2 protein chains.
Amino acid sequence: MTVQPSKQAIDFCATMTDEQDEFAREMLERVSAKWPLRTLQILQAAGGPLRFSRVLERVGGISQKVLTQTLRMLERDGLITRTLYPQVPPRVEYELTPLGYEFLLQTVPLWHWIIEHLPAFTAARHEAAKR
Amino acid sequence: MTVQPSKQAIDFCATMTDEQDEFAREMLERVSAKWPLRTLQILQAAGGPLRFSRVLERVGGISQKVLTQTLRMLERDGLITRTLYPQVPPRVEYELTPLGYEFLLQTVPLWHWIIEHLPAFTAARHEAAKR
DNA sequence: CTCCTTGGTTTCCAATAGGTAAGTATAGTT
DNA sequence: AACTATACTTACCTATTGGAAACCAAGGAG
């Protein structure tokens with residue numbers, strides 16, 4: 001490894017407290033689990049509020065229980081809002097908050113980089129499989 | 001939601017194939033699990049090859065078994081190299097690849113953003129706890 | 001009086017993750 | 001002959017995750 005450019009971009013991590021480090025790690029882990037990111041993307045793509053059932057359809061492959069958990073978690077972290085209209089049958093709408101939108105924006109470069117380097121990953125796996 | 005700037009930065013996602021989407025999601029999920037990112041950061045901070053035991057010490061709190069699994073996975077994805085020196089007792093060294101280093105660089109802005117917005121997350125949780 | 005609807009919650013079960021501890025291989029040291 | 005060191009691997013056990021499906025509330029329709 002002789003790569004040097006913007007090494008300090010990584011080294012800022014050294015200036016973090018353990019608490020910050022742990023919290024950031026937790027957020028990243030939580031949000032990059034199987035469903036949360038996809039859920040946020042669905043809500044972003046919708047461009048407005050979505051009812052529970054609509055999210056369920058569009059995310060696809062997720063169970064009711066897990067979607068409920070996911071939405072509650074995202075709400076707790078302030079990334080989405082949950083609005084209950086006390087009708088019968090009840091109507092609940094979920095919507096991306098500005099914070100959630102900003103977060104989603106931050107993930108884009110990483111996302112993009114991974115897709116650009118998809119061939120490199122495939123090659124690495126192929127190489128590893130030979131041995 | 002009236003935020004509009006660089007909306008297309010997110011919408012590029014729509015141009016992805018399902019395969020790309022799934023793969024990118026998988027990579028992100030894998031690498032942001034409990035140990036992989038931390039392991040990469042340790043190897044980066046070392047600035048050179050590290051033996052298994054040294055990584056074990058520095059990561060801290062990880063078991064031998066899980067570290068082995070983590071390192072193998074990172075190697076398979078081409079983010080680190082594993083070099084076995086056939087001595088007795090055996091010596092094995094792990095080192096960040098340029099791909100691994102680049103990946104780590106990509107995570108920095110997101111990491112940074114999360115830490116900057118830590119107060120917002122804390123506030124959201126506090127708000128949620130009240131209800 | 002029963003069914004339908006929505007947005008869950010609850011229960012049960014199977015799969016996965018992760019930890020501890022012990023085993024393994026082998027040359028060198030005591 | 002016993003012991004050490006290294007880098008795992010294996011066995012075993014527990015805890016968490018996730019899916020399917022049943023249950024629930026409450027008013028309106030038939």
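Small disclaimer: the values here were computed from a predicted structure and weren't measured.
In this entry the distance linking CG of B/L50 with C1' of D/dA7 reads 15 Å, nearest Å. The distance from atom CD of A/E75 to atom P of C/dG7 is 15 Å, rounded to the nearest whole Å. Going from atom CD of A/Q87 over to atom C1' of C/dG7 covers 12 Å, rounded to whole Å. Nucleotide C/dG8 holds its C1' atom 18 Å from the OH atom of A/Y85, rounded to whole Å. Going from atom CG of A/L84 over to atom P of C/dG7 covers 10 Å, rounded to whole Å. Atom P of nucleotide D/dT17 and atom CG of A/L67 are separated by 17 Å, given to the nearest angstrom. Distance CD (B/E93) to C1' (D/dA7): 13 Å, rounded to an integer number of Å. The CG atom of B/L56 sits 13 Å away from the C1' atom of C/dG19 (whole-angstrom rounding).
The backbone N or O of B/L79 sits less than 3.5 Å from a side-chain atom of B/T97, completing a donor-acceptor pair.
Relative to the side chain of A/V92, the nucleotides C/dT9, C/dG7, D/dA7 differ in distance, and C/dG7 lies closest.
One finds no side-chain N or O of B/R91 lying less than 4.0 angstrom from the OP1 or OP2 phosphate oxygen of D/dA5. Note on B/R82: every side-chain N or O is 4.0 Å or more away from OP1 and OP2 of D/dA7. The phosphate of C/dG7 has OP1 or OP2 within less than 4.0 Å of a side-chain N or O from A/S53. In terms of phosphate contacts, B/R51 brings a side-chain nitrogen or oxygen within less than 4.0 Å of OP1 or OP2 of D/dA7.
Separation of atoms CD1 (A/I80) and OH (A/Y94) is listed at 7.0 Å; rounding is to 0.5 Å. Atom CD1 of B/I42 sits about 10.5 Å away from atom CG of B/L67, to the nearest 0.5 Å.
Heavy atoms from other residues, nucleotides or ligands lying under 6.0 Å from CD of A/E22 number 12 at most.
Residue contacts shown for A/R54 are absent, as no nucleic acid heavy atom lies under 4.0 Å away.
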Between the protein and nucleotides 19-26 of chain D, which nitrogen or oxygen pairs come in under 3.5 angstrom?
residue : atom : partner : partner atom : Å
D/dG19  : OP2  : A/S63   : OG           : 3.2
D/dG19  : N7   : A/K65   : NZ           : 3.4
D/dG19  : O6   : A/K65   : NZ           : 2.5

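In this structure A/E57 satisfies the salt bridge (charged side-chain N to carboxylate O under 4.0 Å, His left out) test together with A/R54, sequence neighbours excluded.
For A/T70 against A/P36, the heavy-atom pair with the smallest separation is CG2-CA, 3.8 Å. Minimum interatomic distance between B/E93 and B/P49 (heavy atoms only, all atoms of both residues): OE1-CB, 3.5 Å.
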